[in-house]
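One structure is given here, and the rest of the page talks about it.
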Amino acid sequence: PFAALAQTGTEPSVEVATTVISTQTVRQTVGVYGVVEPDPEAIVVVALPRAGLVTRLHVRLGERVSAGDPLLALDTAPGTRMQYSQADAAYAYAKGQLARTQQLFDEQLATRDQVASAERALRDAESQLNALQKIGANQNQQTIRASTDGIVTGLSVNAGDRIAADTPAMFLAQSSGLIVRLGVEPEDAKRIPDDAPVTLISIFDAEIKIDTQLEKINAMINPATRLVDAIAPVPPAQADRITLGSTMRADILLAEMSAEIVPRSAVLRDQDGAYVYTVNGSKAQRVNVTVVYESANETGIQSTLPKDAVVV
């Protein structure tokens with residue numbers, strides 16, 4: 001619509017475009033970027049339980065694995081096998097010794113303390129044997145398998161390496177434990193609630209949108225990025241839609257509020273702040289406003305304007 005506006009009756013009128021304001025609920029957001037990372041609490045360390053030789057690697061860095069998939073092949077070290085053989089022999093000896101001592105006791109040729117001592121020796125030998133069996137010392141070769149679904153994020157060994165017991169061989173990031181580490185400007189970080197809703201959007205495919213909420217906002221600036229880290233967990237059901245290490249855009253919701261929507265060109269600014277002109281009869285009247293939302297074509301304002309007011 002157009003209206004003819006004039007300051008006085010002696011001045012010529014000017015035809016200008018006008019718009020009726022509409023009230024809508026708008027979202028104040030902060031746009032940031034971040035990288036998909038494994039959640040530190042969801043990283044599984046694959047440690048080799050005994051000394052040995054890595055004869056084969058079944059996976060590569062970045063590969064996705066399922067629970068039960070083979071990760072590497074391990075040959076038990078000769079010294080570990082010897083320990084098991086000695087423990088097995090000690091168990092057999094202690095078991096026979098207890099039987100002989102019990103027989104002597106039945107014939108009243110041994111004391112009750114001697115029987116108790118033989119029983120204790122058998123328990124100690126059995127415990128030692130079970131401990132070695134638990135780490136697989138009784139196996140000459142073993143295929144180490146994944147205990148969970150995940151992604152190989154670190155490899156510490158290669159085929160042909162001789163390794164000590166409890167050596168971390170690789171790291172698996174559980175598929176259900178991904179986060180996006182977002183970088184927030186320090187001045188914006190102060191305005192963001194700790195549990196603010198977030199929409200994650202892939203920069204490679206805008207169709208991939210994931211709704212979540214912030215888990216925490218760190219209390220210091222990351223020295224590498226000069227930004228404040230904000231952590232957004234990826235819902236487990238959505239984790240397979242994104243790639244570990246990829247960049248995501250995020251819209252962090254600050255607030256939802258009611259605002260009067262006007263064309264962006266209708267909002268003017270001077271030293272006193274933002275304002276619009278509203279039509280009052282045949283004249284334009286200035287009204288100061290507060291801007292709460294801006295897009296490419298529209299601006300959301302809060303003011304004293306009546307419902308269905310007309311702005312220039």
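We're numbering straight along the sequence, starting at 1.
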Any side-chain heavy atom of Asp229 within less than 4.5 Å of one from Leu182? no
With the 4.5 Å side-chain cut-off for hydrophobic clustering, are Ile43 and Val152 part of the same group? no
Do you know which two heavy atoms are closest between Gly160 and Leu53, and how far apart they sit? O-CD1, 3.4 Å
Under 4.5 Å between any side-chain heavy atoms of Thr143 and Leu72, yes or no? no
Using only atom types and a distance under 3.5 Å, with no angle test, would you say the side chain of Thr212 pairs donor to acceptor with the backbone of Pro233? yes
For Met257, does the CE atom have more than 12 heavy-atom neighbours from other residues, nucleotides or ligands under 6.0 Å away? yes
After noting the C-alpha distance and the side-chain angles of Arg50 and Gln142, does the key distance pass the side chain to side chain donor-acceptor pair (under 3.5 Å) rule? CA-CA 11 Å; Arg50 62 188 183 280; Gln142 182 183 5; 2.6 Å; yes
Got Val291 and Thr299 here, is their nearest side-chain heavy-atom distance under 4.5 Å? yes
Check: Ile21 and Asp308 side chains under 4.5 Å, non-hydrogen atoms: no
With a 4.0 Å cut-off on N to O distance, would you call Asp251 and Lys209 a salt bridge? no
I'd like to know if the side chain of Gln302 and the backbone of Ser258 have a donor-acceptor N/O pair within less than 3.5 Å. yes
Begin with the C-alpha distance, continue with both residues' side-chain angles, and end with the deciding distance and a verdict on side chain to side chain contact (heavy atoms under 4.5 Å, CB included) for Val262 and Glu298. CA-CA 6 Å; Val262 299; Glu298 296 179 332; over 6 Å; no
Give, for atom CE of Met248 and atom OH of Tyr33, the distance between the pair rounded to the nearest 0.5 Å. 11.5 Å
Heavy-atom closest pair (Thr23 atom, Glu260 atom, distance to 0.1 Å) is OG1-CG, 4.1 Å
Just by modelled atom types, is the Ile208 backbone N or O under 3.5 Å from a matching donor or acceptor in the Ser202 side chain? no
Considering only heavy atoms from C-beta outward, does the side chain of Ile221 approach that of Leu227 to under 4.5 Å? no
Glu294/Arg269 ion pair, N-O < 4.0 Å: yes
Donor-acceptor check, side chain of Thr243 to backbone of Ser246, threshold 3.5 angstrom: yes or no? no
Please check: side-chain N/O of Thr76 versus main-chain N/O of Gln139, any donor-acceptor pairing under 3.5 Å? yes
Before you tell me yes or no, could you show the steps for Gln133 and Asn138 under side chain to side chain donor-acceptor pair (under 3.5 Å), namely the whole-Å CA-CA distance, both residues' side-chain angles and the distance that decides it to 0.1 Å? CA-CA 6 Å; Gln133 287 177 340; Asn138 57 324; 5.9 Å; no
Do Arg286 and Tyr277 meet the cation-pi criteria used here (NZ or CZ under 6.0 Å from the six-membered ring centre, within 45° of the axis)? no
Side chain to side chain contact (heavy atoms under 4.5 Å, CB included) assessment of Ser303 paired with Tyr275: CA-CA 9 Å; Ser303 68; Tyr275 62 95; over 6 Å; no
Could you tell me whether Arg27 and Glu256 make a salt bridge, using a distance below 4.0 angstrom between a side-chain N and a carboxylate O? yes
Ala121 backbone acceptor or donor facing Asp124 side chain under 3.5 Å: no
Are the side chain of Gln86 and the backbone N or O of Gln83 linked by a donor-acceptor pair below 3.5 Å? no
Linking I/L/V/M/F/W/Y whenever their side-chain heavy atoms sit closer than 4.5 Å, directly or via other members, would Ile179 and Val234 fall into one cluster? no
Hey, is the main chain of Asn297 close enough, under 3.5 Å, to the side chain of Arg264 for a donor-acceptor pair? no
Reported OG-to-CG distance for the pair Ser127 and Leu122, which is rounded to 0.5 angstrom: 9.0 Å
So how far is it from Gln102 CD to Glu107 CD, rounded to the nearest 0.5 Å? 11.0 Å
Close side-chain approach of Ile210 to Thr199, heavy-atom, < 4.5 Å: no
Between Val44 and Leu155, is there a shared hydrophobic cluster once you connect ILVMFWY residues whose side-chain heavy atoms come closer than 4.5 Å? yes
Of all the heavy-atom pairs spanning Ser66 and Asp149, show the shortest one and how long it is. CA-OD1, 3.3 Å
Where do Gln24 and Ser22 land on the side chain to side chain contact (heavy atoms under 4.5 Å, CB included) test, with the steps shown first? CA-CA 6 Å; Gln24 299 178 16; Ser22 62; 3.6 Å; yes
Provide the closest heavy-atom pair for Leu200 versus Ala232 in the form atom of the first, atom of the second, distance. CD2-CB, 4.4 Å
Side chains of Ile231 and Arg181: closer than 4.5 Å at any heavy-atom pair? yes
Quick one: pull up OG1 in Thr29 and CD1 in Ile192 and give me the separation to the nearest 0.5 Å. 10.0 Å
Is atom CD of Glu187 surrounded by more than 12 heavy atoms (other residues, nucleotides or ligands) closer than 6.0 Å? yes
May I have the step-by-step check of side chain to side chain donor-acceptor pair (under 3.5 Å) for Arg100 and Gln97, ending in yes or no? CA-CA 5 Å; Arg100 287 190 292 273; Gln97 190 67 16; 2.7 Å; yes
Among the clusters formed by ILVMFWY side chains lying less than 4.5 Å apart, do Tyr84 and Ile163 turn up in the same one? no
Rounded at 0.5 Å granularity, tell me how far CZ in Arg162 sits from CG in Asp75. 9.0 Å
Are Leu172 and Leu178 linked, directly or through intermediate hydrophobic residues, by side-chain heavy-atom contacts shorter than 4.5 Å (ILVMFWY only)? no
N/O donor-acceptor pair under 3.5 Å between Asp270 side chain and Asp272 backbone: yes
Can you confirm whether more than 12 heavy atoms, excluding those of Glu41, are under 6.0 Å from its CD atom? no
Please report the C-alpha distance between Val276 and Val312 in whole Å, then the side-chain angles of each, then the deciding distance to 0.1 Å, and finally whether the side chain to side chain contact (heavy atoms under 4.5 Å, CB included) criterion is met. CA-CA 7 Å; Val276 297; Val312 177; over 6 Å; no
Is the CZ atom of Arg56 crowded by more than 12 outside heavy atoms at less than 6.0 Å? no
Tightest non-hydrogen contact, residues Leu244 and Glu37, listed as CD1-C, 3.6 Å
Non-hydrogen atoms of Ala87 and Gln128 that approach each other most closely: CB-CG, 4.1 Å
Leu305 side chain reached by Val311 side chain, heavy atoms, under 4.5 Å: yes
Atom pair CD1/CG of Ile217 and Asp188 - distance to nearest 0.5 Å: 10.0 Å
